[in-house]
Amino acid sequence: MPARMREISRRLAARFGTPGLCGHETSPVDNLVLTILSQNTNDANRDRAFASLKKKYPTIPRLAAAKAAELEDAIRAGGLARAKAAAILSALSRLKEERGGYTLDFLRSMPLADARSYLTSFGGVGVKTANILLLFSLGFPAFPVDTHILRVTKRLGLVPESAALAKAAFLLEPHVPEDAHVPLHLNLIRLGRELCRPRKPLCPSCPLLPACPTGKRATRPGRPG
Ligand code: SF4
């Protein structure tokens, strides 16, 4: 697995180069809010909801003091506004109560597993979103797995067919090459969007074809297209 992960990482970097920013390169508490907003929606709607929230509540203390109904209005573009507003206010209130302020910096001194457990104890924060925060805001070697990465890594035979997002993340994380967590995460998502699509993956154009059992089967000579 480690050798295959290195090869996959290298092939993706050769095709896609260094990925650009993804929006999660922000402070830990802003990222916590962003990850709650990202549940069950796409990046564009998440970003619209976050921009609207920041316009109305430019600082975290002002956000924490928001009325739930007004916050719901501000984040409606991201869907599930009532549940997300409640999750955001509850998370901020808990931080204030437990830590005396709106900070997650104390996580930096914890082991990765403990920091992840703490984050997933918040409503609306699953393993995927906790890993995004840990990786992008706190620099942990966490490996977030979304639906694109799950599909691609199943086709590559790196995780079992039955694996869900969290299980795949735990299986893959120890084998990600050092310092490749961010580029591998972003390049696998890009591959899933552009080539390894849910239906009719474009295997002949894929840089991972030499390392992919599914792609090799699909492109075997004599196989109907
Ligand atoms: S070769 Fe095909 S199935 Fe394999 S990763 Fe590439 S696009 Fe996906």
Side-chain angles (χ1 to χ4, degrees), residues 1-25 31 34-35 38-47 79 112 116 120 126-136 139-225:
M1 174 89 108
R4 289 195 69 210
M5 292 286 274
R6 268 197 304 280
E7 185 192 354
I8 286 163
S9 185
R10 183 184 57 73
R11 286 181 175 278
L12 289 172
R15 170 65 69 90
F16 296 137
T18 305
L21 301 179
C22 70
H24 281 288
E25 302 83 354
N31 218 346
L34 194 61
T35 56
S38 70
Q39 306 286 323
N40 294 303
T41 192
N42 58 35
D43 289 356
N45 287 340
R46 172 205 69 187
D47 290 345
L112 170 56
R116 183 159 41 219
T120 54
V127 170
K128 179 188 79 173
T129 50
N131 281 342
I132 288 172
L133 194 159
L134 290 165
L135 177 63
F136 287 98
F140 278 94
F143 193 65
V145 172
D146 75 343
T147 54
H148 294 292
I149 297 178
L150 184 65
R151 178 176 67 257
V152 174
T153 52
K154 281 183 181 179
R155 287 174 174 169
L156 287 164
L158 295 172
V159 298
E161 265 309 309
S162 59
L165 293 176
K167 180 169 182 194
F170 287 120
L171 287 172
L172 293 167
E173 188 173 271
H175 305 297
V176 176
E178 199 179 343
D179 297 331
H181 295 72
V182 169
L184 184 59
H185 167 77
L186 294 175
N187 281 338
L188 280 170
I189 291 174
R190 181 169 172 186
L191 185 87
R193 285 183 176 145
E194 296 181 7
L195 295 168
C196 195
R197 304 178 306 202
R199 289 165 55 82
K200 299 193 175 173
L202 304 174
C203 301
S205 310
C206 178
L208 302 188
L209 178 57
C212 180
T214 307
K216 285 179 186 166
R217 275 197 302 277
T219 54
R220 202 176 284 150
R223 193 181 186 283

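If you're wondering where the values come from, they're calculated on a predicted model, not measured in any experiment. Both ligands and their constituent atoms are indexed starting at 1 by order of listing. The figures that follow rest on heavy atoms only: side chains count, while hydrogens, waters and symmetry mates do not.
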Atom pairs and distances, side-chain donor-acceptor, residues 173-182, under 3.5 Å, sequence neighbours left out:
unit_1 : atom_1 : unit_2 : atom_2 : d
Glu173 : OE1    : Arg116 : NH1    : 2.8
Glu173 : OE1    : Phe143 : N      : 3.0
Glu173 : OE2    : Arg116 : NH1    : 3.4
Glu173 : OE2    : Arg116 : NH2    : 3.1
His181 : NE2    : Pro141 : O      : 3.3

Do side-chain atoms of [X] reach the backbone of [Y] as a donor and acceptor pair under 3.5 angstrom?
X: Lys216; Y: Pro210; answer: yes
X: Thr41; Y: Ser38; answer: no
X: Arg4; Y: Leu158; answer: no

For residues 194-203, which side-chain N or O atoms pair as donor and acceptor with protein atoms under 3.5 Å away, sequence neighbours left out?
unit_1 : atom_1 : unit_2 : atom_2 : d
Glu194 : OE1    : Arg190 : NE     : 3.4
Glu194 : OE2    : Arg190 : NE     : 3.0
Arg197 : NH2    : Lys200 : O      : 3.4

Worksheet item: Restricting to pairs with a member in residues 153-162, which pass salt bridge (charged side-chain N to carboxylate O under 4.0 Å, His left out), not counting sequence neighbours?
Response: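 Counting only pairs at least two positions apart or across chains, no salt bridge (charged side-chain N to carboxylate O under 4.0 Å, His left out) contact touches residues 153-162.
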Fill in: Protein N/O/S count near atom 2 (Fe) of ligand 1 (criterion: distance under 2.8 Å)
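Total protein N/O/S atoms under 2.8 Å from atom 2 (Fe) of ligand 1: 1.
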